[in-house]
There are 2 protein chains.
Amino acid sequence: MGLSERQQRIYEFINRFTREKGRPPTIREIGSHVGISSTSVVNYNLNILAREGLIQREKEVSRGLRIVGAQAKALVGEISFVQIPLLGKIAAGTPIPLPTDEGLMRYDGETLALTRELMPDSEGVFALEVKGNSMIDALINDGDIVVMKKPQAVQNGDMCAVWLKDKNETTLKRVYREHNNRVRLQPMNPTLKPFYADARNIEIQGKVVLVVRQLRKLPA
Amino acid sequence: MGLSERQQRIYEFINRFTREKGRPPTIREIGSHVGISSTSVVNYNLNILAREGLIQREKEVSRGLRIVGAQAKALVGEISFVQIPLLGKIAAGTPIPLPTDEGLMRYDGETLALTRELMPDSEGVFALEVKGNSMIDALINDGDIVVMKKPQAVQNGDMCAVWLKDKNETTLKRVYREHNNRVRLQPMNPTLKPFYADARNIEIQGKVVLVVRQLRKLPA
DNA sequence: TTATACCACGAACACCTGTTCGGTGTCAAG
DNA sequence: CTTGACACCGAACAGGTGTTCGTGGTATAA
């Protein structure tokens with residue numbers, strides 16, 4: 001069933017008010033902002049919004065209404081974010097600008113905000129923008145943003161940024177330690193073959209935990 | 001300056017109450033749950049919490065409290081974000097579960113929250129989880145989350161989910177309309193060759209605007 | 001016409017809510 | 001001891017707040 005224009009305005013006002021003030025409005029606050037003089041009319045329309053399932057009401061409680069649905073969580077801070085420092089760029093030919101713990105703490109520049117749902121473990125993480133398409137093997141494209149974690153406890157199979165000392169090159173691969181100091185570097189693309197290196201010849205610069213790619217128009 | 005145990009309990013109660021009920025508590029609600037009989041005592045401690053910068057108070061307004069926790073930025077309002085309905089899965093062999101406008105409005109299930117910085121245009125967008133690695137060509141892996149937009153204004157070069165009618169298959173490619181109803185489907189991986197199809201033989205199901213990949217451990 | 005929803009208005013009521021004030025006890029500094 | 005800061009209590013007050021009730025206008029259907 002459709003909503004009247006008045007009901008839509010009420011709904012939007014509740015939404016905006018709650019977001020801005022951090023609490024739902026009272027009946028009279030709704031009325032005065034939407035242009036309704038009588039509290040009973042507001043009450044009447046609120047009941048309709050509740051019947052339509054757009055809001056929830058709690059009886060005889062001041063400000064006892066809340067917006068239903070996914071957006072509601074947002075309004076009261078039920079979604080928590082992690083701010084990840086955007087440290088710079090990563091390219092094949094240059095090592096990663098490794099951050100210090102101190103630097104991460106005090107970082108005050110650009111950040112990438114992600115929900116804690118996506119980043120359950122945000123200790124010592126930082127983000128880099130990928131330059132060039134040298135990491136296509138790892139399913140990572142030019143312009144992608146990779147979120148990395150400082151390489152403390154790298155486990156077999158972790159996706160890591162590896163600095164190849166002999167080639168002076170950074171690459172992203174899954175890392176498996178094997179016997180005799182040998183390390184297997186497996187591209188993420190499962191159709192590609194692994195690559196082997198000596199453990200003394202590589203340096204693990206970070207563990208990739210997340211990749212974000214924004215698609216924008218490309219010059220054909 | 002440290003907080004008394006009472007003040008900590010008040011603070012935690014406000015936090016929990018707000019999250020659960022969608023509105024801040026009243027002074028008396030705080031008192032009865034924390035074990036304080038007098039409203040003035042609650043008021044007294046609230047002023048201390050406000051002085052310490054842990055909450056904000058608004059004078060002479062019912063439920064005029066809000067938390068300003070350590071993640072101040074991440075709380076309501078300071079980070080502007082959009083919630084994207086997580087509609088289901090996308091696989092090569094099945095068409096996309098296309099949402100209606102109405103359905104997107106009222107959606108109440110799982111969502112993916114992203115900052116507006118990452119999603120400047122959130123009209124008619126929805127998210128799908130990729131099943132299978134049939135879209136490796138498009139640099140998209142099993143388990144990735146793709147954010148798509150309803151295909152209203154598809155421009156040349158847009159990355160689209162295309163349903164190939166003759167093959168009964170969904171694929172992700174960059175789409176270029178060419179002369180004579182011919183459409184060029186270009187894999188995202190620039191090392192791969194394009195693919196051509198008849199425009200009447202394909203159906204564009206959505207435009208990919210963003211991809212998120214969480215890296216978890218893989219069974220070797 | 002009559003009936004019936006639907007939508008709106010204003011007023012009144014009872015309770016809720018933030019604020020204020022006088023008073024009590026404790027503890028450390030003077 | 002006296003003083004003052006601190007933490008707390010109970011009570012009262014003025015205004016806020018959800019609810020209810022009587023009323024009336026406007027469509028649409030019988």
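Both backbone and side-chain heavy atoms feed into the values below; hydrogens, waters and symmetry mates do not. In what follows, chains are A, B, ... by sequence order, proteins preceding strands, each numbered from 1.
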Can you tell me how far [atom2] of [N] sits from [atom1] of [X], to the nearest Å?
X        : N       : atom1 : atom2 : result
Asn47(B) : dG18(C) : CG    : C1'   : 11 Å
Gln7(A)  : dA8(C)  : CD    : P     : 7 Å
Glu58(A) : dC16(C) : CD    : C1'   : 14 Å
Glu5(B)  : dC6(D)  : CD    : P     : 20 Å
Ile27(A) : dT17(D) : CD1   : P     : 10 Å
Asn43(B) : dC9(D)  : CG    : C1'   : 13 Å
Ile55(A) : dG18(D) : CD1   : P     : 12 Å
Arg28(A) : dT17(C) : CZ    : C1'   : 13 Å

Can you figure out which of [options] approaches the side chain of [X] most closely?
X        : options                  : answer
Thr26(B) : dG10(C), dT17(C), dC9(C) : dT17(C)
Tyr44(A) : dC9(C), dT19(C), dA8(C)  : dA8(C)
Thr39(A) : dC6(C), dT19(C), dA11(C) : dA11(C)
Arg63(A) : dG10(D), dC7(C), dT17(D) : dT17(D)
Arg57(B) : dT19(C), dT17(C), dC9(C) : dT19(C)

When Val41(B) and Val61(A) are each assigned the nearest nucleotide of DNA chain D, the 5'-most assignment goes to Val41(B)
message: Has Gln214(A) got a side-chain atom pairing as donor or acceptor with Leu118(B)'s backbone, closer than 3.5 angstrom?
response: yes
Exercise. Side-chain N or O of Asn45(A) less than 4.0 angstrom from OP1 or OP2 on dC6(C)?
Worked result: no
Can Asn43(A) and Arg57(A) be said to form a side-chain hydrogen bond (donor to acceptor under 3.5 Å, both in side chains), step by step?
CA-CA 10 Å; Asn43(A) 186 55; Arg57(A) 298 198 70 186; 2.8 Å; yes
inquiry  = When you measure only distances, ignoring hydrogens and angles, does the side chain of Ser40(B) come within 3.5 Å of the base of dG10(D) through a donor and an acceptor?
reply    = yes
Query raised in the report: For the side chain of Ser38(A) and the base of dG10(C), is some donor closer than 3.5 Å to an acceptor across the two?
Result: yes
To the nearest 0.5 Å, atom CD1 of Ile48(A) lies from atom CD of Glu52(A) at 8.0 Å
For Ile48(A), which contact category applies under a 4.0 Å heavy-atom criterion: base, sugar-phosphate, or nothing? sugar-phosphate
From the list Arg177(A), Lys207(A), Lys149(A), salt bridge (Lys or Arg N to Asp or Glu O under 4.0 Å) partner of Asp158(A) resolves to Lys207(A)
Any heavy-atom pair between the side chains of Arg213(A) and Leu139(B) that's under 4.5 Å? yes
